Amino acid sequence: MIVNRLTADVVSQIRASFIIESLSQAVEEVVLNSIDAGATSIEIIVDTNVHFFEVRDNGKGMDFASLEIVGERHTTSKLHTIDELEEGITTHGFRGEALASIATVSILEVVSRTNESFATHSKIINCGKVIKLGPANQSRTYPGTTIIVRDMFFKIPV
């Protein structure tokens with residue numbers, strides 16, 4: 001799965017703005033991403049006491065170039081041109097906002113491997129700031145992506 005940055009023309013057409021308001025909404029968005037990535041198996045772990053969840057799938061996975069920009073606003077694998085928008089959207093999401101929104105209110109870790117590579121890479125974003133990008137500490141034995149969200153909303157005042 002290749003993640004690209006949307007052009008300014010496409011961004012202006014979709015008027016993308018997305019706010020994550022709950023842990024369950026964040027889990028739903030990540031699961032929908034897994035489905036859009038072609039996953040046939042999705043594992044979900046949630047601990048509401050510590051505002052944590054993990055979604056592990058066997059979808060297409062992301063290459064390193066995609067991982068570099070994932071979690072930034074207006075980056076998506078699902079939409080690239082205005083023509084695609086006019087033809088109709090066939091995925092659950094397309095704006096490139098869900099992971100970016102989650103990344104601004106949590107510690108987000110993305111671990112991914114594609115079918116074309118044995119290398120597993122990871123990216124960790126702490127409240128919008130990338131703190132790690134490179135080889136993963138643990139290799140995935142099969143292609144796909146794992147999204148781990150910790151301490152959701154921990155920096156948001158009540």
Side-chain angles (χ1 to χ4, degrees), residues 1-7 10-11 14 16 18-48 51-81 83-85 87-126 128 130-152:
M1 180 169 67
I2 305 294
V3 176
N4 294 302
R5 188 174 315 282
L6 294 173
T7 65
V10 175
V11 170
I14 62 175
F18 190 81
I19 298 170
I20 294 290
E21 297 178 345
S22 68
L23 190 68
S24 61
Q25 181 189 18
V27 171
E28 177 185 12
E29 292 295 330
V30 172
V31 168
L32 292 174
N33 282 347
S34 294
I35 293 168
D36 285 342
T40 59
S41 174
I42 302 170
E43 300 172 48
I44 305 166
I45 300 168
V46 178
D47 186 339
T48 57
H51 306 284
F52 167 92
F53 74 87
E54 179 176 333
V55 176
R56 178 182 298 261
D57 71 41
N58 67 344
K60 296 175 186 170
M62 288 179 268
D63 61 15
F64 187 74
S66 295
L67 195 63
E68 285 183 294
I69 63 170
V70 76
E72 296 177 15
R73 291 192 70 205
H74 310 304
T75 57
T76 183
S77 63
K78 303 168 191 175
L79 175 71
H80 302 93
T81 67
D83 292 339
E84 290 174 318
L85 186 62
E87 291 167 9
I89 303 302
T90 60
T91 59
H92 294 286
F94 62 91
R95 289 183 172 92
E97 291 289 296
L99 285 179
S101 293
I102 293 168
T104 61
V105 297
S106 69
I107 300 169
L108 170 70
E109 182 174 2
V110 181
V111 181
S112 198
R113 177 187 151 207
T114 65
N115 199 30
E116 293 79 32
S117 174
F118 289 109
T120 302
H121 293 93
S122 72
K123 180 176 188 176
I124 300 174
I125 307 170
N126 186 342
V130 177
I131 59 173
K132 180 188 185 268
L133 175 65
N137 292 339
Q138 291 185 325
S139 294
R140 287 181 57 100
T141 56
Y142 55 89
T145 301
T146 302
I147 303 289
I148 302 166
V149 175
R150 295 177 179 88
D151 298 328
M152 192 149 185

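Computed over heavy atoms, backbone and side chain alike; hydrogens, waters and symmetry mates excluded. Being a predicted model, the structure only gives us computed values, none of them experimental.
- The shortest distance between side-chain heavy atoms of Asn33 and Leu99 falls below 4.5 Å.
- When all heavy atoms of Met62 and Val70 are compared, the pair lying nearest together is SD-CG2, 3.9 Å.
- With sequence neighbours excluded, the residues forming a salt bridge (charged side-chain N to carboxylate O under 4.0 Å, His left out) with Arg56 are Glu54, listed by chain and number.
- A donor-acceptor pair under 3.5 Å links the side-chain atoms of Thr104 to the main chain of Ser101, judged by distance alone.
- Rounding to the nearest 0.5 Å gives a distance of 11.5 Å between NZ of Lys123 and CD1 of Ile131.
- When only modelled atom types and interatomic distance are considered, Ser122 and Lys132 share a side-chain donor-acceptor pair under 3.5 Å.
- The nearest pair of heavy atoms linking Ser112 to Gly144 is OG-O, 3.1 Å.
- Glu29 contributes no side-chain N or O that, together with a main-chain N or O of Gln25, makes up a donor-acceptor pair within less than 3.5 Å.
- The two residues Gly71 and Ala103 come nearest to each other via the heavy atoms O-CB, 4.2 Å.
- Checking side-chain atoms of Thr120 against main-chain N and O of Arg140 turns up a donor-acceptor pair under 3.5 Å.
- Side-chain contact of Asn58 with Thr40: a donor-acceptor pair under 3.5 Å is present, judged by distance alone.
- Going from atom CG of Asn126 over to atom CD1 of Ile107 covers 4.5 Å, rounded to the nearest 0.5 Å.
- Here salt bridge (Lys or Arg N to Asp or Glu O under 4.0 Å) pairs that include residues 103-113, with residues two or more places apart or in two chains, are Glu109-Arg150.
- Taking every heavy atom of both residues into account, Ala119 and His121 meet most closely at CB-CE1, 3.6 Å.
- Here the side chains of Ile35 and Ile42 are in contact, with some heavy-atom distance below 4.5 Å.
- Pairing each heavy atom of Phe53 with each of Ala26, the nearest pair is CE2-CB, 3.7 Å.
- Residues passing the ring pair (Phe, Tyr, Trp, His ring centres under 6.0 Å) test with Phe118: none are found, sequence neighbours excluded.
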* **Stepwise side-chain contact (heavy atoms from CB on, under 4.5 Å) test for Val149 and Ile102** => CA-CA 8 Å; Val149 175; Ile102 293 168; 3.7 Å; yes
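- The backbone N or O of Thr145 lies less than 3.5 Å from a partner atom in the side chain of Asp57, making a donor-acceptor pair.
- Considering all non-hydrogen atoms of both residues, Ser34 and Val55 come closest at OG-CG1, 3.7 Å.
- Using a 4.5 Å heavy-atom threshold, the side chains of Leu108 and Ile148 count as separate.
- Taking the side chain as every heavy atom from C-beta outward, Leu23 and Phe52 never approach each other to under 4.5 Å.
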- What's the verdict on side-chain contact (heavy atoms from CB on, under 4.5 Å) for Val30 and Leu32, showing C-alpha distance, side-chain angles and the deciding distance? CA-CA 5 Å; Val30 172; Leu32 292 174; over 6 Å; no
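- The shortest side-chain heavy-atom distance between Pro143 and Thr114 does not fall under the 4.5 Å cut-off.
- In this structure the side chain of Asp63 reaches within 4.5 angstrom of the side chain of Ser66, judged on heavy atoms.
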Go through the steps to decide whether Glu68 and Leu133 satisfy the test side-chain contact (heavy atoms from CB on, under 4.5 Å), and finish with yes or no. CA-CA 7 Å; Glu68 285 183 294; Leu133 175 65; 3.7 Å; yes
